[in-house]
Q: 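The structure that follows is given in the form of structure tokens.
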Amino acid sequence: MTSLVQPVRVFIDPVEGTQAAVEARRWVWPLIILALCVSASGTLNSLRWDAAPDVIRELQSSGDMATISEADLTDKIQTSSRKSLVGGIAKGVFVMPFLALLLAAALWVVTWLFDLSAPFERLLSVAALALLPIALYHVVFAICASAQYSLTAQRAAQLVPSHLGAVLTGLSPGMARVASAVDFFNLWSTALLGLGLSAATGIRRSRGLLLAGVLYVVFAGVFMVGLPGIQMASGGGR
């Protein structure tokens with residue numbers, strides 16, 4: 001029971017709770033919680049998703065709408081719904097644990113670069129604990145999705161307005177991507193990452209938080225701002 005209570009304590013007492021969980025190398029239960037929450041979120045999203053508007057929009061943009069039969073359109077909508085269900089479950093069961101492992105590997109590289117010492121199992125615990133706010137986001141999303149009669153992809157993206165881009169209006173596409181990086185749950189995860197780094201390596205908490213903040217800025221700049229901007233530019237500047 002202690003192995004489950006310690007990760008959950010991170011939500012109540014992030015400073016001491018994170019340190020205790022990292023020192024005890026608690027990573028199994030955080031990963032299980034993360035997988036279950038993300039799988040539940042993906043399942044409810046796919047069950048509430050009305051695939052027809054999104055599939056029709058995609059066919060119209062590709063120019064295939066005029067040539068597709070009604071039977072083929074129905075089959076395509078059903079296939080998209082099934083893919084969404086399988087993909088939502090797979091994201092929780094396979095993708096999120098892999099991301100935690102990838103984050104732990106990135107932390108190992110960072111500790112090596114800064115001449116810090118920490119066992120990899122502790123770094124894996126840091127990564128798993130830092131992703132718990134993301135698990136909480138998916139719990140909130142699942143609750144909100146279950147209350148909806150139907151969802152579209154656009155509606156699902158706006159269902160839990162946790163980032164600054166959902167509050168500010170009239171932003172350019174580039175500034176909207178920057179604002180989306182200022183996300184409550186992501187910043188919460190970054191703070192836990194910094195506290196976990198401090199507990200795993202013995203550095204000051206302020207230094208751990210600063211290092212985690214720099215890592216998040218780099219991540220957001222590449223994956224939330226840079227790459228989406230390049231994709232939009234290659235697609236015609238939309």
Side-chain angles (χ1 to χ4, degrees), residues 10 14 18 22 30-31 34 38 41-42 87 91-92 94-116 118 120 123-138 140-141 153-154 156-201 203-238:
V10 168
T18 301
V22 170
L31 287 185
L34 179 66
V38 175
S41 171
K91 181 180 179 181
F94 300 109
V95 176
M96 298 308 294
F98 176 74
L99 287 179
L101 183 62
L102 196 62
L103 178 56
L107 293 177
W108 182 87
V109 173
V110 169
T111 57
W112 175 75
L113 288 174
F114 285 90
D115 196 23
L116 302 172
F120 185 79
L123 296 178
L124 182 57
S125 300
V126 173
L129 292 167
L131 290 173
L132 283 179
I134 307 302
L136 180 60
Y137 164 83
H138 283 280
V140 175
F141 181 91
Q154 183 178 9
Q158 301 171 348
L159 196 59
V160 183
S162 60
H163 57 82
L164 197 58
V167 179
L168 301 178
T169 58
L171 298 175
S172 64
M175 289 305 299
R177 291 193 297 273
V178 172
S180 69
V182 187
D183 181 272
F184 171 75
F185 292 98
N186 287 350
L187 295 178
W188 189 358
S189 287
T190 303
L192 290 181
L193 187 68
L195 294 173
L197 273 174
S198 173
T201 61
I203 61 175
R204 295 192 307 272
R205 285 168 183 162
S206 58
R207 187 183 176 191
L209 290 170
L210 177 61
L211 185 56
V214 171
L215 292 175
Y216 179 68
V217 169
V218 173
F219 168 81
V222 174
F223 293 101
M224 301 178 70
V225 179
L227 290 180
I230 294 174
Q231 291 176 351
M232 291 182 68
S234 64
R238 294 186 295 274

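Just the heavy atoms: all of them, side chains too, but no hydrogens, waters or symmetry mates, feed the values below.
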Q: Compile the donor-acceptor pairs under 3.5 Å between side chains in residues 207-218 and protein atoms, sequence neighbours left out, one pair per line.
A:
from: Y216; atom 1: OH; to: A181; atom 2: O; distance (Å): 2.5
from: Y216; atom 1: OH; to: N186; atom 2: ND2; distance (Å): 3.3

Q: Quickly, which of L197, L102, L124, T201 forms a side chain to side chain contact (heavy atoms under 4.5 Å, CB included) with L107? Name it, please.
A: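 Considering L197, L102, L124, T201, a side chain to side chain contact (heavy atoms under 4.5 Å, CB included) with L107 is found only for L197.
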Q: Ignoring hydrogens, what is the shortest heavy-atom contact between L31 and P97? Give both atom names and the distance.
A: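 Distance-wise, the nearest heavy atoms are CD2-CA, 4.4 Å.
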Q: Relative to each other, are the rings of W112 and W108 parallel, tilted or perpendicular (30° and 60° limits)?
A: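 W112 vs W108 ring planes: parallel.
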Q: Provide the closest heavy-atom pair for A127 versus A104 in the form atom of the first, atom of the second, distance.
A: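 Distance-wise, the nearest heavy atoms are CB-N, 3.9 Å.
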Q: Taking all atoms of both residues into account, what is the closest heavy-atom pair of I134 and F185, and its distance?
A: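 For I134 versus F185, the nearest heavy atoms are CD1-O, 4.2 Å.
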Q: For the backbone of V10 and the side chain of T18, can you confirm whether one donor and one acceptor N or O come within less than 3.5 Å of each other?
A: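 No, because the side chain of T18 does not come within donor-acceptor range (under 3.5 Å) of the backbone of V10.
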Q: Knowing that exactly one of T111, V22, V110 qualifies, which makes a side chain to side chain contact (heavy atoms under 4.5 Å, CB included) with L123?
A: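 Testing each of T111, V22, V110 against L123, the sole residue satisfying side chain to side chain contact (heavy atoms under 4.5 Å, CB included) is T111.
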Q: Do side-chain atoms of H138 reach the backbone of F141 as a donor and acceptor pair under 3.5 angstrom?
A: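 Pair absent, no side-chain N/O of H138 close to backbone of F141.
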Q: Say you draw a straight line from OG of S189 to CG of L129; how long is it, rounded to the nearest 0.5 Å?
A: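 If I round to the nearest 0.5 Å, the distance is 10.5 Å.
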Q: For the residue pair L192 and P14, establish whether any side-chain heavy-atom pair is separated by less than 4.5 Å.
A: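 In short, these two side chains touch, coming nearer than 4.5 Å.
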Q: Mind running side-chain contact (heavy atoms from CB on, under 4.5 Å) on R177 and M224 for me, showing each step along the way?
A: CA-CA 6 Å; R177 291 193 297 273; M224 301 178 70; over 6 Å; no
Q: Please test V38 against V95 for side-chain contact (heavy atoms from CB on, under 4.5 Å), starting from the C-alpha separation and ending with a verdict.
A: CA-CA 10 Å; V38 175; V95 176; over 6 Å; no
